[in-house]
Amino acid sequence: AFGVDLLDDEAAAQKVLMQQYRLLRAGGGPLPAFGDVGFRKYSQFEEDGILLFIFSLISPVNRTCVEICAGNGRQCNTANLIINHGWWGYLFDGDEQNVRSGRSFFARHPDTFLHPPKFDRAWVTAENINDLIRQSGVAGTIDLLSLDIDGMDYWAWKALTVIEPRVVVCEIHNPVPPDKALTVPYDPAFVFESADYRGASLAAMCKLGREKGYRLIGTHRFGFNAFFLKNGIGDELFPEVEPTACLNDPFSRLAREERWPRVQGKAW
């Protein structure tokens, strides 16, 4: 049993949870499914819990993360790891106010003020993504890339070579049926005008992931945030799953039923 003070401390509670996952792995028993480990502290949905689960079992190598389109930093996929687990962050967003707000947030936070994450304003394209990341001060192997740019995600990941993330979490467009590998055409100035016509399907991101040496290991419970793991890392712990196995949730089924007919005739 743990005292109330320990469980009231979010960092301590998460570290206890990490040890429980490691004990389960060491004991050879069944591990929880993605649907059992998700929770939100700083992420928009349950990505914080899923990422904690993944990195409990594969262990980070340098605790370095890059997030493309981090918003204001208060709600993003890397903030929990940066704040509660001492990770080194390199964050980007295209909105100047978001960047100012994020810099202030991390500069004032008691767990990050001494060395806050690097937070740069940038409109990320396939042409500049490598230079932007290199200029921010990171290259080579990192533990995590979070990618959510509401449109050109496929093309940005395809162009990315300056870093080699072990885990990639990216937004996919779940109205597209899981058997269709489709993305919107590349446009460096793309700004989505319809939430139904943007991004890339899960099948398209899986195809690209395989080309780059990654496998799909799951999605969150709403289906549109997907997790990829570099091949050769945790293969027995996180086997590859197929897109059709990840998009059977009620939200994704409804998206295919109601939203896909509106845009299936668009240029994909």
Side-chain angles (χ1 to χ4, degrees), residues 40-48 50-51 63-109 111-113 115-139 142-163 165 167-173 183-184 186-195 197-200 205 220 222 224-228:
R40 174 182 63 240
K41 177 57 188 179
Y42 295 98
S43 57
Q44 185 176 14
F45 296 103
E46 54 188 14
E47 296 83 2
D48 285 341
I50 294 172
L51 289 170
R63 300 192 181 198
T64 300
C65 51
V66 171
E67 183 149 7
I68 309 295
C69 286
N72 62 13
R74 291 174 171 82
Q75 185 183 83
C76 66
N77 290 332
T78 57
N80 185 60
L81 295 170
I82 293 167
I83 292 168
N84 284 319
H85 300 277
W87 282 43
W88 312 109
Y90 299 82
L91 281 54
F92 299 86
D93 197 81
D95 184 276
E96 181 63 38
Q97 179 56 42
N98 276 344
V99 173
R100 285 199 300 268
S101 179
R103 286 174 177 169
S104 175
F105 170 67
F106 288 111
R108 294 166 181 262
H109 198 286
D111 292 309
T112 56
F113 76 92
H115 189 86
K118 186 78 180 298
F119 207 146
D120 291 326
R121 179 181 180 272
W123 183 267
V124 177
T125 68
E127 290 80 13
N128 68 15
I129 187 170
N130 289 299
D131 287 339
L132 287 170
I133 293 175
R134 185 184 298 109
Q135 290 164 10
S136 77
V138 64
I142 67 168
D143 281 302
L144 174 65
L145 168 68
S146 177
L147 184 64
D148 180 2
I149 56 178
D150 290 332
M152 296 292 105
D153 307 74
Y154 175 94
W155 303 104
W157 191 18
K158 182 179 178 67
L160 183 62
T161 58
V162 70
I163 54 173
V167 174
V168 176
V169 54
C170 61
E171 185 176 54
I172 61 92
H173 197 47
T183 179
V184 293
Y186 182 64
D187 177 1
F190 179 86
V191 176
F192 76 89
E193 297 178 356
S194 165
Y197 181 62
R198 59 174 177 165
M205 296 304 270
H220 70 8
F222 298 109
F224 59 81
N225 266 359
F227 297 80
F228 294 85

Could you tell me which residues satisfy side-chain contact (heavy atoms from CB on, under 4.5 Å) with D131, sequence neighbours excluded, listed by chain and number? R134, Q135

Identify the two heavy atoms, one from A70 and one from C76, that lie closest to each other, and give their separation to 0.1 Å. O-CB, 3.5 Å

Mind checking what makes ring pair (Phe, Tyr, Trp, His ring centres under 6.0 Å) contact with F222, not counting sequence neighbours? F45, H220, F251

Are the side chains of D143 and W87 in contact, using a 4.5 Å heavy-atom criterion? yes

Side chains of L51 and N80 in contact at under 4.5 Å (non-hydrogen atoms): no

Only counting residues at least two apart or in another chain, list the ones meeting salt bridge (Lys or Arg N to Asp or Glu O under 4.0 Å) with E46. R221

Would the distance check show the side chain of S43 and the main-chain N or O of D48 forming a donor-acceptor pair, the cut-off being under 3.5 Å? yes

Salt bridge (Lys or Arg N to Asp or Glu O under 4.0 Å) involving K158 - partner list, sequence neighbours excluded: none

To the nearest 0.5 angstrom, please state how far the CD1 atom of I68 sits from the CG atom of L132. 7.5 Å

Are the side chains of D120 and R103 in touch, meaning some heavy atoms are under 4.5 Å apart? yes

Do the side chain of N128 and the main chain of V124 share a donor and acceptor less than 3.5 angstrom apart? no

Is the backbone of G86 close enough, under 3.5 Å, to the side chain of R63 for a donor and an acceptor to pair up by distance? no

Any heavy-atom pair between the side chains of L81 and Y42 that's under 4.5 Å? no

Could you check whether atom CD of E127 has more than 12 heavy atoms from other residues, nucleotides or ligands sitting under 6.0 Å from it? yes

Heavy-atom pair with the smallest gap, counting every atom of G199 and D153: CA-OD1, 4.4 Å

Residues at least two apart in sequence or cross-chain that pass ring pair (Phe, Tyr, Trp, His ring centres under 6.0 Å) with F106, listed by chain then number, are none

Can you tell me how far apart CZ (R40) and CD (E47) are? Round to the nearest 0.5 Å. 9.0 Å

For Y197, which residues count as a side-chain hydrogen bond (donor to acceptor under 3.5 Å, both in side chains) partner, sequence neighbours excluded? none

CG of D148 to CD1 of I172: how many Å apart, nearest 0.5 Å? 11.0 Å

R121: side-chain contact (heavy atoms from CB on, under 4.5 Å) partners, not counting sequence neighbours: E96, V99

Ring pair (Phe, Tyr, Trp, His ring centres under 6.0 Å) involving F228 - partner list, sequence neighbours excluded: W157

Go through the structure and list residues passing side-chain hydrogen bond (donor to acceptor under 3.5 Å, both in side chains) with D111, not counting sequence neighbours. none

How close do L91 and P117 get, counting heavy atoms only, and between which atoms? CD1-CB, 4.2 Å

Looking only at heavy atoms, what is the nearest atom pair of I83 and H109, with distance? CG2-CE1, 3.3 Å

Is a donor on one side and an acceptor on the other found under 3.5 Å between the side chain of D93 and the backbone of G71? yes

Does D95 have any salt bridge (Lys or Arg N to Asp or Glu O under 4.0 Å) partners at least two apart in sequence or in another chain, and if so, which? none

I'd like to check the side-chain contact (heavy atoms from CB on, under 4.5 Å) partners of S101; sequence neighbours left out, ordered by chain and number. N72, R74, Q97

If you measure from CZ on F92 to CZ on F119, what distance do you get to the nearest 0.5 Å? 10.0 Å

For S146, enumerate each residue passing the side-chain contact (heavy atoms from CB on, under 4.5 Å) test, keeping only those at least two apart in sequence or located in another chain. E67, N77, T78, V169

Please report the shortest heavy-atom distance between M205 and A200, naming the atom on each side. SD-CB, 4.0 Å

Would the distance check show the side chain of W155 and the main-chain N or O of D187 forming a donor-acceptor pair, the cut-off being under 3.5 Å? no

How many angstroms lie between atom CG of L145 and atom CD1 of I163, to the nearest 0.5 angstrom? 5.0 Å

How many angstroms lie between CE in M152 and OG1 in T125, if you round to the nearest 0.5 Å? 11.0 Å

Atom of P116, atom of A107 and distance for their closest heavy-atom approach: CB-N, 4.4 Å

